[in-house]
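If you read the sequence from its start, that first residue is 1, and numbering goes on from there.
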Amino acid sequence: MEPLPLKDIHLPASVAFWPPAPGWWLLAVLLPLLIFLCRYLYKRIRRQTAVKTAGKLLSAIRRDGGADARQTLVALSALLRRVAISTAPRSDAASLRGEAWLSYLDQSLPDAPFSQGPGRCLADGHYRQTPPADTELEALFELCERWLKQQAKKR
């Protein structure tokens, strides 16, 4: 018997780097979309949670607000500031004081009620000799509820 004439082993060509497989193209498109979607949902849930919690705290302040009008003003001001910091970038709202703070609050409402309406007592109510009347506080509570509802609608 005669030996068979065998040829040497030929290795296949190496896999090229370019063009990538379709799965890599799909991953390159879907990964940024997934990151964007997760970021959007996180911000939305965070905003809704902050506004919902603030609504509950506003109700608690209203319920317990009969003790001292000045303490009620301090609590309302702190609550609005916490919501503003939670729903907007910290640099936009954290350092604002006085008229700038009232102007910031007016941005989301059409008729400027903080600068020219019942919300004005948030800026100067702490320094008045007489505490704000119950009617002023009630109008301020209504205004704060309106502002919170507007914050929940914001994107």
Side-chain angles (χ1 to χ4, degrees), residues 15 17-155:
V15 177
F17 173 71
W18 196 258
W24 288 110
W25 286 106
L26 188 64
L27 183 66
V29 170
L30 290 181
L31 190 62
L33 288 175
L34 183 66
I35 290 171
F36 175 76
L37 180 67
C38 288
R39 185 171 178 247
Y40 171 76
L41 289 175
Y42 172 75
K43 283 186 173 186
R44 182 180 169 112
I45 289 170
R46 183 175 171 212
R47 174 184 298 279
Q48 288 175 346
T49 303
V51 173
K52 186 187 291 186
T53 304
K56 291 177 185 176
L57 288 174
L58 184 65
S59 297
I61 293 171
R62 180 180 267 178
R63 208 175 32 249
D64 301 335
D68 185 16
R70 286 195 176 103
Q71 290 298 328
T72 302
L73 281 178
V74 169
L76 284 174
S77 182
L79 177 67
L80 292 179
R81 188 168 300 273
R82 286 190 312 211
V83 171
I85 290 172
S86 295
T87 59
R90 188 174 189 86
S91 61
D92 289 355
S95 64
L96 298 176
R97 302 270 185 255
E99 291 297 321
W101 172 239
L102 295 179
S103 297
Y104 176 82
L105 293 173
D106 282 337
Q107 287 177 357
S108 58
L109 298 173
D111 52 348
F114 284 99
S115 298
Q116 301 167 1
R120 183 96 187 122
C121 65
L122 285 176
D124 61 2
H126 307 88
Y127 307 110
R128 291 183 190 171
Q129 295 219 354
T130 59
D134 289 339
T135 56
E136 285 180 302
L137 283 178
E138 190 57 37
L140 184 60
F141 276 116
E142 296 296 325
L143 179 59
C144 290
E145 283 178 1
R146 206 172 117 206
W147 187 79
L148 284 175
K149 288 178 185 174
Q150 193 66 26
Q151 296 307 304
K153 293 178 188 176
K154 261 181 155 180
R155 286 190 165 225

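Taken from CG in Leu79 to CH2 in Trp147, the straight-line distance is 8.5 Å, to the nearest 0.5 Å. Atoms CG and OG1, from Leu140 and Thr72 in turn, are 9.5 Å apart once rounded to the nearest 0.5 Å. Considering CH2 of Trp101 and CZ of Phe114, their distance stands at 8.5 Å, rounded to 0.5 Å.
A pairwise comparison of heavy atoms in Val51 and Leu148 identifies CG1-O, 3.5 Å as the closest pair. Contact detail for Gln151 and Thr87: the closest heavy-atom pair is OE1-OG1, 3.7 Å. Cys121 and Pro118 make their closest contact through SG-O, 3.4 Å (heavy atoms, listed as atom of the first residue, atom of the second, distance). Between Gly119 and Leu102, the shortest heavy-atom distance links the atoms O-CD2, 3.7 Å. Scanning both residues, Leu76 and Cys144, for their nearest heavy atoms gives CD2-SG, 4.2 Å.
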Distance-only criterion, 3.5 Å: show the donor-acceptor pairs between side-chain atoms of residues 90-99 and protein atoms not counting sequence neighbours.
residue, atom, partner, partner atom, Å
Glu99, OE1, Arg120, NH1, 3.3
Glu99, OE2, Arg120, NH1, 2.4
Glu99, OE2, Arg120, NH2, 2.7

Between side-chain atoms of residues 17-33 and protein atoms elsewhere (two or more places apart, or another chain), which donor-acceptor pairs fall under 3.5 Å?
residue, atom, partner, partner atom, Å
Trp25, NE1, Pro20, O, 3.4

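Scored by the side chain to side chain donor-acceptor pair (under 3.5 Å) test, Ser115 finds Asp106 as partners (sequence neighbours excluded). With sequence neighbours excluded, no residue forms a side chain to side chain donor-acceptor pair (under 3.5 Å) with Ser77. For the side chain to side chain donor-acceptor pair (under 3.5 Å) test, no residue two or more places apart in sequence or in another chain qualifies with Gln107. Residues meeting the side chain to side chain donor-acceptor pair (under 3.5 Å) test with Gln116, sequence neighbours left out: none. Residues passing the salt bridge (Lys or Arg N to Asp or Glu O under 4.0 Å) test with Arg82: none are found, sequence neighbours excluded.
Proximity of Leu109 to Leu143: side-chain heavy atoms (C-beta onward) are separated by under 4.5 Å at one or more points.
Within the structure, salt bridge (charged side-chain N to carboxylate O under 4.0 Å, His left out) pairs that include any residue of residues 132-150 comprise Arg62-Glu138, Arg62-Glu142, Arg62-Glu145, Asp111-Arg146, Arg128-Glu136 (at least two apart or interchain).
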